[in-house]
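Any value given below was found using the heavy atoms of this structure, including those in side chains, with hydrogens, waters and symmetry copies removed. One is the number of the first residue; the rest follow in order along the sequence.
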Amino acid sequence: MCGIVGYIGFREAYPILIKGLRRLEYRGYDSAGVAIINNENQLSVYKAKGKVADLEEYSKDKDISGTIGIAHTRWATHGEPSNANAHPHYSQSENLALIHNGIIENYAVLKAELLKNGYTFQSSTDTEVLVQWIDYIYNIHKCDLFHAVQIALNQVVGAYAIAVIEKGNPDQIIAARKSSPLVVGVGENEYFLASDASPIIEYTNKVIYLDDEEIAVINRHEDPKIYTISNIKKTPEIKELEMNLSQLERGGYDHFMLKEIFEQPETLKNCMSGRVNIEGTNVTLSGIIDHKEKFINARRILIIACGTSWHAGLIGEYLFEEFCRIPVEVEYASEFRYRNPVICADDIVIAISQSGETADSLAAIELARKAGAFVYGVCNVVGSSIPRNTDSGSYTHCGPEIGVASTKAFTAQVTVLTMMALAIAKEKGTMPEENYLCTIKELQNIPSKIEKILSQNDKIKELSLIFTYAQNFIYLGRGYSYPVALEGALKLKEISYIHAEGYPAAEMKHGPIALIDNEMPIVAIATHNTIYEKVVSNIQEIKARNGRVIAIINEGDESIKELADHYIEIPETKECLDPLLSSIPLQLLAYHIAVNKNRDVDMPRNLAKSVTVE
Ligand code: F6R
C-alpha cells in the first residue's frame, strides 16, 4: 500500500525514481509524485493524479535534474486521489518534502495544534500534517532535520514509512519506519530507499531492512546510520538479496498475472526443492524440525490470514485435521485481533501472507505472541516483517508476485501447508506410512499436471468469451474444493469487477438457490472425491432450474460432460491435493474474462498488493 523510492548518489535521481515507482506501482496507483533537489540546491515537487505514466507526462518539461530525490506512488487513505493529495507533500515553508506510507492516527490533534500556530494546508492528507509537524518542531527546537524527525515521531500515533529531504541540504535523506516496510539499498557511493527490494536489485544486492521505530540517516558521503526514535544507535545489518531482475519483468506475457499463472509448475518445484527428498520418500521443513516438540504437543492450530492467504488457510484446516488429527481454527486476522480470542501457550499459530507486511496479520501475530503462543510464518517475501516477527516459519519461494491478484503465491502457500501437515503427521505418527508416501509421490507429480491444465489456456480463453457479460457468478465446491470455490470467486471479482460468490455446494438449498435462473453462470468443482456423487446431485438441482453450469471435472468424466453446459478437464490427483489443480482453470477463467472486459488486470481498481494499513 503506497510505494516509496529514494535515491542519493552520483547518478541522476529522476530516472531511477521513475523506474522504481514503476516496480512499486502494484502497491498503489491512484497518484504519484517526486521531489528532487537540483544542483542549485532548489527543492522541487512534481505530482500527478493517476499512474506513474501521468507523472512522467506532467514532469517532462520540468527541471528534473539532481542526484537526490524521493518518490511515491499512492493508495489513498485520507483524501481522494488528486494532485493535491498526491505525495510528496511540502511543508508550508516549502523547505521540506516528505513521502509516507501508513496512517497517522492522531493527525487531527496535530493538525489542530498546527492551525493554531498559523499553518495552512493544501491537502486532506494525514501526511501533510506530518511534514508540517516536523517543520514546526524544526522551527521551535531549532534543531537539525534528523532530530526534528525523531522528536516528531515520538509524538505520532500510527504507522509510517517515511522519507524526508530538505531544501539546501542535497546530501541527506532521513527515513524511518513503523509497521510499514522500508529497505535501504547500499551501493558504491550511492544509496537507495524503497518499500521493497524490487527497485533496488538492479543497482545493488546489499540491503538493510529497517525495523520498527528506526530512523536511517543516509548521507551522500557516509555509511548509513541507524537510530531508534528513542535515540539508541544501532549497527546496521547488511543482508544480501536473492532476487533476480528477470523475476520483475513480464517476460513476453501480456500481464504479470498471466506470467505468474504460467510460472506455477516451476514455483511449486522451487517450493518443494530441498524439502521433499530426491527419492520422494520424506518431507523435511527446518522450521518444524527445530521446534518438533511444539508441533507434537500442540493442542490446537490457529491459522490467521487475510484474503487469498485465508483461503489457503482453509485448505490447511482440512490438511492438518486429516493428516495430523489436530483441531484447527482459521481466522481472518482482522477479526481475530479485535475479538479478545482465547489463545493458549500450547497453541500453534500459523500466519500466512504473501507480502509478509499485511497490517492485520502483523497485529494478530503480536497478540498471539503476547499470549505465549508459538507463531509460525508462511510467507513469500524474504526479509519482510512477518518472518522477522515470528518464532519460526517456511518461505514459499515462489519469487516476486507482482500481479495484484494472487495466483502463484496461493498454490505455493497450499504446497507449504501440505508439506507442513505431512511433516507433523510423520512426527506424530498420525498418518499411515503408505498414505504418507503416496501423498509425497503425488505432490511431486503436481507441477507436470499443472502444465497439462495450462496447455488448455486457449480453450479457457474461448469459454471466457461466453461469460464476459455475466453480471453475477456462483462458485461451488465441497470438502477441499470449497476454499477453491471461494478463491475462484475472489479472483473473478477483484479483476473483472463481476459480482461473484463462493459457497459450499450443499449450502445452495439454504438460500442461494433462489438466485439461479438461466442468466446465472455456476462454476462447479466436481472432481472425483469422497462426496463426488453429492456434487453431481447439486449440479442436477441447478440444471433443473436452468442455471448455466461450467464444471471443473476430471479427465474423461462423461456423465458430468453430459450434464453441464461447459466443462474444463483436469488430471486426477489425490483429494487432498486437488486444490493445487482445480484452482488453475479458475485463475485462467478470471484472467480471460477480465481481459475481455478490458480491465487493468495487474492493477485492478481500488486494490493494492500489500495491505499495510488496517
Ligand atoms: C487477492 C489478494 C489478497 C491478499 C490479501 C492478503 O488476490 O491478493 O486478498 O491475499 O490482501 O495479503 P498477504 O497474503 O500479502 O498477507
Side-chain angles (χ1 to χ4, degrees), residues 1-2 4 6 35 43 45 70 72 74 76-79 85 87-167 169 172-182 184 193 195 210-218 224-234 357 359 362-363 366 385 612-614:
M1 222 143 247
C2 300
I4 284 182
L43 170 62
V45 168
I70 55 176
H72 188 267
R74 178 171 186 249
T77 57
H78 293 63
N85 289 336
H87 302 205
H89 287 282
Y90 270 132
S91 59
Q92 187 158 296
S93 57
E94 297 197 353
N95 279 339
L96 304 181
L98 177 142
I99 52 177
H100 168 221
N101 171 17
I103 293 180
I104 305 302
E105 286 171 13
N106 61 338
Y107 81 100
V109 181
L110 302 178
K111 189 169 181 174
E113 185 67 23
L114 289 166
L115 286 167
K116 266 200 269 166
N117 283 279
Y119 280 80
T120 55
F121 292 84
Q122 311 297 320
S123 78
S124 0
T125 65
D126 51 340
T127 302
E128 192 185 6
V129 174
L130 180 59
V131 69
Q132 303 271 46
W133 190 253
I134 293 170
D135 182 77
Y136 174 61
I137 304 266
Y138 193 111
N139 290 328
I140 57 172
H141 285 263
K142 308 231 173 310
C143 56
D144 60 17
L145 181 59
F146 162 66
H147 286 100
V149 170
Q150 193 177 49
I151 296 166
L153 293 182
N154 275 292
Q155 294 160 346
V156 153
V157 178
Y160 53 79
I162 58 164
V164 204
I165 55 175
E166 181 187 13
K167 182 175 167 180
N169 185 0
Q172 189 181 61
I173 303 178
I174 304 289
R177 80 155 259 176
K178 183 181 180 190
S179 305
S180 287
L182 204 54
V184 179
L193 199 65
S195 300
L210 289 191
D211 273 328
D212 276 352
E213 302 197 332
E214 284 185 352
I215 306 174
V217 180
I218 307 169
K225 299 197 171 43
I226 314 279
Y227 300 87
T228 66
I229 61 169
S230 31
N231 208 28
I232 298 165
K233 189 161 187 219
K234 298 295 239 358
E357 299 293 350
L362 276 163
E366 197 183 323
S385 300
T612 52
V613 295
E614 59 170 297

> Checking side chain to side chain contact (heavy atoms under 4.5 Å, CB included) against L96, which of L43, I165, L145 comes through?
Replying inline: L145
> Which residues pass the ring-ring contact (aromatic ring centres under 6.0 Å, His included) test with H87, sequence neighbours left out?
Replying inline: H72, H89
> Tell me, which pairs form a side chain to side chain donor-acceptor pair (under 3.5 Å) where one or both residues lie in residues 151-163, sequence neighbours left out?
Replying inline: W133-Q155
> Yes or no on side chain to side chain donor-acceptor pair (under 3.5 Å) for Q150 and N231, after CA distance, side-chain angles and deciding distance?
Replying inline: CA-CA 8 Å; Q150 193 177 49; N231 208 28; 3.1 Å; yes
>> Please report the interatomic distance OG1(T228) to CD1(I215), rounded to the nearest 0.5 Å.
In response: 7.5 Å
> Just wondering, do I229 and V149 contact through their side chains at under 4.5 Å, heavy atoms?
Replying inline: no
> CD1/I70 to CG/L193 distance, rounded to the nearest 0.5 angstrom?
Replying inline: 9.0 Å
>> Among L115, V129, V157, which residue satisfies the side chain to side chain contact (heavy atoms under 4.5 Å, CB included) criterion with L110?
In response: V129
> What are the two closest non-hydrogen atoms of A176 and L153, and how far apart are they?
Replying inline: CB-CD1, 3.5 Å
> Does K234 make a cation-pi contact with Y227 (under 6.0 Å, within 45 degrees of the axis)?
Replying inline: no
>> Under the criterion salt bridge (Lys or Arg N to Asp or Glu O under 4.0 Å), I'd like the reasoning laid out for D212 against R177: C-alpha separation, chi angles, the key distance, then a yes or no.
In response: CA-CA 5 Å; D212 276 352; R177 80 155 259 176; 2.8 Å; yes
> Just checking, is any N or O donor in the side chain of Y138 or D144 under 3.5 Å from an acceptor N or O on the other one?
Replying inline: no
>> Is it the case that the side chain of D135 and the backbone of Q92 share a donor-acceptor pair, with hydrogens and angles ignored and the cut-off at 3.5 Å?
In response: no
> Under 3.5 Å, is there a donor-acceptor pair between the S180 and E357 side chains?
Replying inline: no
> Where do C143 and I137 come nearest, in terms of heavy atoms and distance?
Replying inline: SG-O, 4.3 Å
>> Between T125 and R74, do the side chains contain a donor N or O and an acceptor N or O under 3.5 Å apart?
In response: no
> Do you see a donor-acceptor pair shorter than 3.5 Å between the side chains of S195 and N101?
Replying inline: no
> Looking at A76 and G79, what are the two nearest heavy atoms and their distance?
Replying inline: CB-O, 3.4 Å
> So how far is it from I104 CD1 to E128 CD, rounded to the nearest 0.5 Å?
Replying inline: 13.0 Å
>> Quick one about Q172 and N169 (side-chain donor to acceptor, distance below 3.5 Å, no hydrogens or angles considered), yes or no?
In response: yes
>> My understanding is that only residues two or more places apart in sequence, or in another chain, count here; which of them pass side chain to side chain donor-acceptor pair (under 3.5 Å) with Y90?
In response: none
> When you check the side-chain N and O atoms of S91 and Q132, is any donor under 3.5 Å from an acceptor?
Replying inline: no
